[in-house]
**Student:** 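Here it is: the structure, laid out below.
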Amino acid sequence: MDPLAGDWSALALLAFLLGARHGLDADHLVTIDGLTRYNAVDAPRLARFCGTLFSAGHGAVVAAVAVAAGFAATRWQVPSWLEQTGAWISIAFLLMLGLVNLESVLRTPRHEVVRTIGVKGKLFSRLQRTRNPWFIASTGALFALSFDTLSQAALFAAAAARSGGVLSSAALALCFVLGMLAADGLNGIWIARLIRRADKAASIASRLFAVTIATLSLAVAALGLAKLLAADLDRWLEGSELQLGLAVIVVVTGAFLLAMRWQRLVTSRAGIG
């Protein structure tokens, strides 16, 4: 057996698993949840693919960097200033998601299902009204402008340079993107189903679910800001990205179950009364 082929297979599997883990990052999950919420009522088909579109835009940047780094072999390094650039982009976007969802909850009458309506300001209104798949993919691309993500792409290129150059770099990047697409795509489909069921249940379920997504958006943004301002916190949380992502999934699922239970209790009491 060719040991080089065996090494490349291991690298491809590792790239896929790294992509899946990256797709479970808290900022990915919460952003996809928010974008799915935006489109759940007026564009339900698009809502199901928000995770896939976000991940495709994100992955396109990773693949482009991997190919470029493959041409430059090991001589190219990701500039360190991208670390803060990507962090600020994700923080700003998550803050917008959280504020828009909270605004929707506050402005929606209690007897109505929560929708993203009545947001003031041109930026928020455009963000809220978007039904453009390219916008969602572009959001994913912006999230890729971080030191961590681009460094992974450059690492694929450096590893592949020993066994096949640019084509191998592109193939490893593709494996990474496929792993990320699997995680983010499944999350988008899952959240779309939960939102649809919560909205059908009635106003209380949709309100609690919208508040949960808004709170998670603001919490993840606050955590990202705290990590930027406190180096000790950043070091303490290093390596806990997967746990944070899984916690987001647990919280969202738990909120859905609680919302449906609460709605059933209120409905049954109203029927008895």
**Student:** Report the distance from atom CG of L94 to atom OG of S217, rounding to the nearest 0.5 Å.
**Tutor:**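 OG of S217 is found 5.5 Å from CG of L94.
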**Student:** With side chain to side chain donor-acceptor pair (under 3.5 Å) as the rule and sequence neighbours excluded, what pairs involving residues 178-189 come up?
**Tutor:**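 Residue pairs with at least one partner in residues 178-189: H28-D184, D33-N187, S55-D184.
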**Student:** For the atom pair CD1 (I91) and CG (L218), what is the distance rounded to the nearest 0.5 Å?
**Tutor:**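 Nearest 0.5 Å value for the CD1-CG distance: 12.0 Å.
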**Student:** Give, for atom CZ of F16 and atom CZ of R21, the distance between the pair rounded to the nearest 0.5 Å.
**Tutor:**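 If I round to the nearest 0.5 Å, the distance is 14.0 Å.
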**Student:** What's the separation between atom CH2 in W190 and atom CZ in R48, rounded to the nearest 0.5 Å?
**Tutor:** 15.5 Å
**Student:** Using the test side chain to side chain donor-acceptor pair (under 3.5 Å), find all partners of T36 that sit at least two apart in sequence or belong to another chain.
**Tutor:** none
**Student:** Please name all residues satisfying side-chain contact (heavy atoms from CB on, under 4.5 Å) with L186, sequence neighbours left out, ordered by chain then number.
**Tutor:** none
**Student:** Would you please name every residue forming a side-chain contact (heavy atoms from CB on, under 4.5 Å) with A141, sequence neighbours left out?
**Tutor:**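 Only V61 meet the side-chain contact (heavy atoms from CB on, under 4.5 Å) criterion with A141.
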**Student:** So, for C175 and A15, which heavy atoms are closest and what is the spacing to 0.1 Å?
**Tutor:** CB-CB, 3.9 Å
**Student:** With side chains defined as the heavy atoms from C-beta onward, is the minimum distance between D25 and H22 less than 4.5 Å?
**Tutor:**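 Yes; the side chains approach each other to less than 4.5 Å.
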**Student:** Kindly write out the residues that satisfy side-chain contact (heavy atoms from CB on, under 4.5 Å) with L244, not counting sequence neighbours, or none if the list is empty.
**Tutor:**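 So L244 forms a side-chain contact (heavy atoms from CB on, under 4.5 Å) with A26, L223, S240.
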**Student:** Once rounded to the nearest 0.5 Å, what's the spacing between atom CG of L29 and atom CD1 of I213?
**Tutor:**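 Rounded to the nearest 0.5 Å, the CG-CD1 separation comes to 11.5 Å.
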